[in-house]
Amino acid sequence: MTIYIGNLSYDATQDNIKEVFAEYGTVKKAHVPTDRETGRPRGFAFIDMGLDSEEEKAIAELDGAEWMGRTLKVNKARPRGN
DNA sequence: GTTGAGCGTT
């Protein structure tokens, strides 16, 4: 399962995000897409955890949490291409 | 500032 993080601060980096989610489990993958045309961050990110239970916990704990001045929206990610 | 890439016209 992959976690989606929306309403993310543009100051957040892949490593930043990884740190935060690592508090709730093992972060296997962290991805911060940037706009393909402009190279600017798009304000959201994706995280892959080791265990589903850890992902659920991270979602529960971090959804609605304030981080870097933004209130995070954390959710299960949709598959790419949808 | 809210759902990811890259290839490249089947």
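Chain naming here is simple, since letters A, B, ... match the order of the sequence lines and numbering starts at 1 in each.
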Query raised in the report: Which residue pairs pass the ring pair (Phe, Tyr, Trp, His ring centres under 6.0 Å) test when at least one of the two sits in residues 49-82 of chain A, sequence neighbours left out?
Result: none
Report task. For S9(A), enumerate each residue passing the side chain to side chain donor-acceptor pair (under 3.5 Å) test, keeping only those at least two apart in sequence or located in another chain. Result -> none
Report task. State, yes or no, whether a side-chain contact exists between I47(A) and V20(A) at a heavy-atom distance under 4.5 Å. Result -> no
Query raised in the report: Under 4.5 Å between any side-chain heavy atoms of E55(A) and T2(A), yes or no?
Result: no
Query - Partner set under side-chain contact (heavy atoms from CB on, under 4.5 Å) for S53(A), not counting sequence neighbours - result: L51(A)
Which atom pairs, one a donor and one an acceptor, fall under 3.5 Å between side chains of residues 22-40 of chain A and the rest of the protein, sequence neighbours left out?
{"residue": "D35(A)", "atom": "OD1", "partner": "E37(A)", "partner atom": "N", "Å": "2.8"}
{"residue": "D35(A)", "atom": "OD1", "partner": "T38(A)", "partner atom": "N", "Å": "3.2"}
{"residue": "T38(A)", "atom": "OG1", "partner": "R40(A)", "partner atom": "N", "Å": "3.2"}

Please produce a list of atom pairs where a protein N or O lies less than 3.5 Å from an N or O of nucleotides 5-9 of chain B.
{"residue": "dA5(B)", "atom": "O4'", "partner": "R80(A)", "partner atom": "NH1", "Å": "3.4"}

Report task. Round to the nearest Å and state the distance from K76(A) atom NZ to dT3(B) atom C1'. Result -> 13 Å
Query raised in the report: What's the NZ-P distance between K73(A) and dT3(B), to the nearest Å?
Result: 12 Å
Report task. Residues of residues 3-28 of chain A with any non-hydrogen atom less than 4.0 angstrom from an atom of DNA chain B: list those, numerically ordered, please. Result -> Y4(A), N7(A), L8(A), Y10(A)
Query raised in the report: F44(A) on top of dG4(B)'s base, within under 5.5 Å and under 30°?
Result: no
Query raised in the report: What residues, two or more places apart in sequence or in another chain, satisfy side-chain contact (heavy atoms from CB on, under 4.5 Å) together with N75(A)?
Result: Y4(A)
**Report entry** side chain to side chain donor-acceptor pair (under 3.5 Å) partners of N7(A), counting only residues at least two apart
**Finding:** R70(A)
